[in-house]
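Protein chains get the first letters and strands the later ones, always in sequence-line order, with residue 1 at the start of each.
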2 protein chains.
Amino acid sequence: MQNPTSRSLEHPGRDAIRLEGVLHALSDPLRLEVVRELAAADCEQSCSVFELPVSKSTTTHHFRVLRENGVIRQIYRGTAKMNSLRRDDLDALFPGLLDSVLTAAARQAGRLAAAGG
Amino acid sequence: MQNPTSRSLEHPGRDAIRLEGVLHALSDPLRLEVVRELAAADCEQSCSVFELPVSKSTTTHHFRVLRENGVIRQIYRGTAKMNSLRRDDLDALFPGLLDSVLTAAARQAGRLAAAGG
DNA sequence: CCCGTACTACGATGGCTATCGTACGAGCCA
DNA sequence: TGGCTCGTACGATAGCCATCGTAGTACGGG
């Protein structure tokens, strides 16, 4: 169906990224956690380094949602699929949004950890 | 006690507001538009001032989603139901989040208007 | 006391979404 | 080549969600 050497993935162009889509992608706890880890790592991460409490199929699904909504970039490197945040595009389109979401997520995680024990 | 009528509405306390819920509430185009108008008005607005392209039942549904996720405050004043942003709570929990979302929405609206003609 | 306005509750419906298991494809390595 | 790992595709399923129409409730005014 396509050239073996050029396994590529569809990404929305910067102009096709919609705020509603980004917010929707971030509104799932699992995906928000993935985004937080990607932001913390600040380099490409393979899908398999994320230990999500769901099956592989579901993991694939969540990464696709993030990619199709313009939140992450995905590239194949051998058998691995590397993920990175589209921080440049998001910051250009929606200045401060990603940072405030990440800050908010960190604060909430801290609050919940303190409350839950 | 601002209780003009006996009818009251359930609101989550500040500590019960969750980032995922707020992002979910804002990820719907209609609800995002409502929030933008509420932020622009900066005072209580009745449900009926919003001319949404959906039925009244659906309008009620969207306002409830915003309220149950802690984005807006609703109180009855006679037959009208007044809506206002919970800006104080949101800013305290997630500093900068609401502003960056509103800015992003305004920018995107401008971009889309310029592109669409 | 009745009526009109504003909003709600309920039931239905179609579509999306999160989840899974199984079967498969692409690349690496011995 | 054969097997191993990583990830995908597909089909199924259950739950949520946006939407509607209709019928109903609450409140203020005549």
> Applying side-chain contact (heavy atoms from CB on, under 4.5 Å) to A:L93 and B:R111, what does each step give before you reach the verdict?
CA-CA 10 Å; A:L93 285 169; B:R111 272 194 303 124; 3.6 Å; yes
> Return yes if a side-chain donor-acceptor contact under 3.5 Å exists between A:S100 and B:S100, otherwise no.
yes
> Which part of the nucleic acid, if any, lies within reach of A:R31 when heavy atoms closer than 4.0 Å are counted: base, sugar-phosphate only, or nothing?
sugar-phosphate
> So, applying side-chain contact (heavy atoms from CB on, under 4.5 Å) with A:N83, which one of A:V71, A:V49, A:L66, A:L38 is it?
A:L38
> Using atom CD1 of B:I75 as one end and atom P of D:dC27 as the other, report the distance to the nearest whole Å.
14 Å
> How close or far is atom P of D:dA18 from atom CG of B:L32, stated in whole angstroms?
14 Å
> Go through it in stages, so that I can follow the logic: the residues are A:I17 and A:F94, the test is side-chain contact (heavy atoms from CB on, under 4.5 Å), and I'd like the CA-CA distance, side-chain angles, deciding distance and then a yes or no.
CA-CA 10 Å; A:I17 299 179; A:F94 314 123; 4.1 Å; yes
> Tell me the interatomic distance from B:N83, atom CG, to C:dA6, atom C1', rounded to whole angstroms.
12 Å
> Is any side-chain heavy atom of A:R31 less than 4.5 Å from a side-chain heavy atom of A:V65?
yes
> Using atom types as modelled and distance alone, determine if a side-chain donor or acceptor of B:E44 lies under 3.5 Å from a backbone N or O of B:M82.
no
> Between A:G78 and B:V49, just flag the one whose closest nucleotide in DNA chain C comes earlier from the 5' side.
B:V49
> Between residues 33-48 of chain A and DNA chain C, which residues have a heavy-atom gap below 4.0 Å?
none
> According to side-chain contact (heavy atoms from CB on, under 4.5 Å), who are the partners of B:R64, at least two apart in sequence or on a separate chain?
B:R67, B:E68
> Between B:R73 (side chain) and B:G70 (backbone), is there a donor-acceptor pair under 3.5 Å?
no
> Measure from the side chain of B:H24, starting at C-beta and using heavy atoms only, and say which of D:dC6, C:dT17, D:dC17 lies closest.
D:dC17
> Near DNA chain D, under 4.0 Å by heavy atom, which residues of residues 51-69 of chain B?
B:V54, B:S55, B:S57, B:T58, B:H61, B:H62
> Counting C-beta onward and ignoring hydrogens, is there a side-chain heavy-atom pair between A:V101 and B:L97 closer than 4.5 Å?
yes
> To the nearest Å, how far apart are A:R77 CZ and C:dA26 C1'?
16 Å
> To the nearest Å, give me how far apart OH (B:Y76) and C1' (D:dG28) are.
16 Å
